Amino acid sequence: MIAGAMLAAGAGRRFGGDKRQAALPDGRTLLEASLQAFVGQVDVLAVALPEDDAFGAALCRQLGATPLACRLNRAGLGHSLACAAAWALALPQCRGLVLGLADMPLVRPHTVSQVAAALWHGRPVLPCYLGQAGHPRGLPGACLPALLDLSGDIGARDALDWSQALRLELDDAGVLLDIDTPEDLLRLA
């Protein structure tokens, strides 16, 4: 089984608020668009959310994802990543985790599918566009225990040896585009 997890528990400081609810030109929210790329491309899907997040929980119900309440989400990305890794490790026969970011709405479903398929090789997977590594990243099951103690702003980039990763060159510029500011969102229009 290959699982998918979306990190959506951040504070959105640079955006100035909850960017997950920001509307895209097509009317979907940023989180909805980011999650839809994963639906049907992985065997099970979870979303790391702030505690008591009604918006995120409702979207999880709508799209068939498991909400993961991250109690320490405001303390940094590391806590959300550790929460997602613990969830995946608890799944029977989980061979890997495709890890997405809630502010990347242009990632194509086929990209998620390709990252998931590449995880069967047992190596970390880096999707690349024109040679530049992006997201979502593939984490084999053997790498997940190293993420359980992450905290603060330490992410998988700092916890794993990415020099051994399988680099997938894809025709998907969405692997590089994240929405950090309102100006980034305006550029999509």
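Remember, predicted model here, so these are calculated numbers, not experimental data. What's counted below: heavy atoms across the whole structure, side chains too, no hydrogens, waters or symmetry copies. This chain uses plain numbering: 1 for the first residue, then up along the sequence.
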_Matching residue for V47 among L63, L7, L68, L35 - test: side-chain contact (heavy atoms from CB on, under 4.5 Å)_ = L35
*asked:* A side-chain contact here means heavy atoms from C-beta on lying under 4.5 Å apart; do P50 and C70 qualify?
replied: no
*Would you mind reporting whether L101 and P136 have side-chain heavy atoms less than 4.5 Å apart?*
no
*asked:* For Q62, is the CD atom crowded, meaning more than 12 foreign heavy atoms sit under 6.0 Å from it?
replied: yes
*Quick one: pull up CG in L119 and CZ in R95 and give me the separation to the nearest 0.5 Å.*
9.5 Å
*asked:* If hydrophobic clusters are built by linking Ile, Leu, Val, Met, Phe, Trp and Tyr wherever their side-chain heavy atoms come under 4.5 Å apart, do L177 and L170 end up in the same one?
replied: no
*Atom pair CG (L186) and OG1 (T181), whose distance is rounded to the nearest 0.5 Å*: 8.0 Å
_Which residues end up grouped with Y129 if you chain together Ile, Leu, Val, Met, Phe, Trp and Tyr wherever their side-chain heavy atoms are less than 4.5 Å apart?_
L130, V175, L176
*Using only heavy-atom distances, determine whether the side chains of R28 and Q36 contain a donor-acceptor pair under 3.5 Å.*
yes
*Determine yes or no for a side-chain-to-main-chain donor-acceptor pair under 3.5 angstrom, with S34 supplying the side chain and A102 the backbone.*
yes
*Go through the steps for C60 and L49 under the test side-chain contact (heavy atoms from CB on, under 4.5 Å), then give the verdict.*
CA-CA 10 Å; C60 284; L49 300 167; 4.0 Å; yes
*Look only at the side chain of D172 and the backbone of R108, and say whether a donor-acceptor pair between them is shorter than 3.5 Å.*
yes
*Is there a side-chain contact between V44 and M1 (heavy atoms, below 4.5 Å)?*
yes
*Looking only at atom types and distance, does a side-chain atom of R123 sit under 3.5 Å from a main-chain N or O of G138, one as donor and one as acceptor?*
no
*Start with the C-alpha gap between D53 and R20, add the side-chain angles, then the distance that decides, and say whether salt bridge (charged side-chain N to carboxylate O under 4.0 Å, His left out) holds.*
CA-CA 11 Å; D53 178 13; R20 303 166 318 145; 2.6 Å; yes
_Validation row: L99, L81 side chains within 4.5 angstrom (heavy atoms)_ = yes
*Are P140 and L97 side-chain neighbours, meaning at least one heavy-atom pair lies under 4.5 Å?*
no
*Sole candidate of V115, V98, V107 that passes side-chain contact (heavy atoms from CB on, under 4.5 Å) when paired with P127*: V115
*asked:* Can you confirm if the NZ or CZ of R137 lies within 45° of the ring axis of W162 and under 6.0 Å from the centre of its six-membered ring?
replied: yes
*Could you state the interatomic distance from OG1 (T66) to CZ (R61), rounded to the nearest 0.5 Å?*
12.5 Å
*Does D180 offer a backbone N or O that forms a donor-acceptor pair with the side chain of D184 under 3.5 Å?*
yes
*From CA spacing to verdict: side-chain contact (heavy atoms from CB on, under 4.5 Å), Q21, L31*: CA-CA 7 Å; Q21 295 187 49; L31 179 57; over 6 Å; no
*asked:* With rounding to the nearest 0.5 angstrom, report the CE to CE distance, M6 to M104.
replied: 9.5 Å
*Counting heavy atoms not belonging to D52, are there more than 12 under 6.0 Å from its CG?*
no
*Should the heavy atoms of other residues, nucleotides or ligands under 6.0 Å from CD of Q132 be counted, would the total exceed 12?*
no
_Side-chain donor or acceptor of D43 paired with backbone N/O of I2 under 3.5 Å_ = yes
*asked:* For a quick test of reading the model, state the closest non-hydrogen atom pair linking G4 to F38 and the distance between them.
replied: CA-CD2, 4.4 Å
_Side-chain heavy atoms nearer than 4.5 Å, only ILVMFWY residues, links allowed to pass through others: does that put L24 and V39 together?_
no
*Honestly curious: do V112 and I179 fall in one hydrophobic cluster under the side-chain, below-4.5 Å linking rule?*
no
*Answer yes or no: is there a side-chain heavy-atom contact under 4.5 Å between L185 and F15?*
yes
*Please check if L45 and L91 belong to a single hydrophobic cluster, counting links between Ile, Leu, Val, Met, Phe, Trp and Tyr side chain heavy atoms closer than 4.5 Å.*
yes
*Heavy-atom pair with the smallest gap, counting every atom of P145 and A142*: CD-O, 3.5 Å
*N/O donor-acceptor pair under 3.5 Å between K19 side chain and L30 backbone*: no
*Compare all side-chain heavy atoms of E169 with those of C128 and state whether any distance is below 4.5 angstrom.*
yes
*asked:* Would you compute the distance between atom NE2 of H110 and atom CG of D171 and round it to the nearest 0.5 angstrom?
replied: 10.0 Å
